[in-house]
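Letters A, B, ... mirror the listed sequences (proteins, then strands); counts begin at 1.
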There are 2 protein chains.
Amino acid sequence: MFSKATEYALRATIYIAQKGSEENKLGINEIAEAIGSPRSFTAKIMQLLTRDHRVVSAVRGPNGGFYISEKSKNLPVRAILEAMGEEHVLDKCVMGLKLCSEKQPCPMHSKYKIIRKQLIKLFVVKTIRQLSSEIKDGVVFIHQGKKGKKI
Amino acid sequence: MFSKATEYALRATIYIAQKGSEENKLGINEIAEAIGSPRSFTAKIMQLLTRDHRVVSAVRGPNGGFYISEKSKNLPVRAILEAMGEEHVLDKCVMGLKLCSEKQPCPMHSKYKIIRKQLIKLFVVKTIRQLSSEIKDGVVFIHQGKKGKKI
DNA sequence: ATATTTATGGATAATTTTGTCTCTAATTCT
DNA sequence: AGAATTAGAGACAAAATTATCCATAAATAT
C-alpha cells in the first residue's frame, strides 16, 4: 500500500511517540534498530519528518535525538503521510485512473469508495498519540521482507 | 496501492472483457492505447495474464489477439492480482510488519482489519464479468501520471 | 510455399526507489 | 576553547520497477 519509506516513517514516528519524550530523545541508531530499517535511509526519512518541525522534532549534539512534542502527538496519522508526500495514496483510484470520479467512475469505483472513505477516516481521526498508546507488549516492529523478480 | 504493472493489468483485463470476445480478439496496440499504457510494457504484462490461459487467452497471427473466455470472465478480480503476483497486497500490514497479527497487532491493526476484510471481499466476490459490465459510457481508461522526487 | 500479421521472449535501457557513505553543522560537556 | 556527540546534507551506489527494442515463433491468408 505505502512505499517502504512511508512504512518506515509510520513505524519510526509511532515508536518515537511511545518510547521517547523531549527529556528522553531517541537516537537514529536506536530508532532504526527498533523498527528494523536501514540506518542511513531512516536518517533521510527523519529529515522529511522533522522539516518545519511538522511531525517530529530533532536536536543535535550530546543527548540530542528525535522526539515528538505533546502538541504533535495530537496530529492525525495522516500528517505522517503528508510529510512523506504520500497522502494521495488514500484518494487514489484502484485502477490508477486519473479521472476516476462520480461522473466518470472506474468499474470498481462504486464499491471501493466506501472502503476508501473508511481508510481516509482512519488516518484522519486516529492521532499519533492514540496509536502510540496502542502498541501491545511483545510486538516486534521489525520487518524483514524480500521480493523476487516478477517480469 | 498497486504497482503500475498491476494497474495496467486490471485495466487491460477489464477492457478486453468488455470490448473483445473469442470472435473479436483485441490486438496489443488497441489495448495499450485504450488503457493509456506503454505498448511494449503492456505486452509483457499480457504474458503474465496469459500464461496457462489463467485469465486472458492469446492467439497469434492475422486476426489474432487477446480475449477472455466466458469461463474466465467468471473469475474474481483477485485472479488478476494473482497472475501479477500482487495478491499479498490485500493482506499486508499497513505499517509493513511481517508479523502483524491478532497475537502481535501493529497499532493500526484492530481498525484496519475491518477495512482489509472489505477490500479482500471486494476482490473476491466481484468477477471480471461484473466489472466489465460496469464500465460507464464516456469513461476514459487513460491515466497520465507523473511523479516528483521525494528525497 | 510465401508473405503477412500478431504475440513471445530476451536483452537492454531509463527511471524510481531504496540504501550507503562522508563530510559538515549544531549542540553539549569539560 | 576544544573535544565529543548527534543530526543534516550531498553525492553516490544498488536494486527494483517501468519501459523499449528486436529477433523469433505461430497462425492465417493468398
**Asked** At under 4.0 Å between heavy atoms, what does B/L26 touch on the DNA or RNA strands: base, sugar-phosphate, or nothing?
**Response** sugar-phosphate
**Asked** Given that A/Q47 and A/G61 both sit by DNA chain D, which one's nearest nucleotide is further toward the 5' end?
**Response**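 The residue whose closest nucleotide sits nearer the 5' end is A/G61.
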**Asked** B/R78 side chain to B/I120 main-chain N or O, any donor-acceptor pair under 3.5 Å?
**Response** no
Quick one: [X] [atom1] to [N] [atom2], roughly how many Å, whole number?
| X | N | atom1 | atom2 | answer |
| --- | --- | --- | --- | --- |
| A/H53 | C/dA26 | NE2 | P | 13 Å |
| A/R39 | C/dT22 | CZ | P | 12 Å |
| A/K25 | D/dT5 | NZ | C1' | 13 Å |
| A/F2 | C/dT16 | CZ | P | 21 Å |
| A/F41 | D/dA15 | CZ | P | 15 Å |
| B/K44 | D/dT17 | NZ | C1' | 14 Å |
| B/K4 | D/dT20 | NZ | C1' | 16 Å |

**5' priority, DNA chain C, between A/N63 and A/Y8 [closest heavy atom]** = A/Y8
**Message:** Taking 4.0 Å as the cut-off, does a side-chain nitrogen or oxygen of A/T50 come that near to OP1 or OP2 on D/dA7?
**Reply:** no
**Under-4.0 Å salt bridge between A/K73 and A/E70** = yes
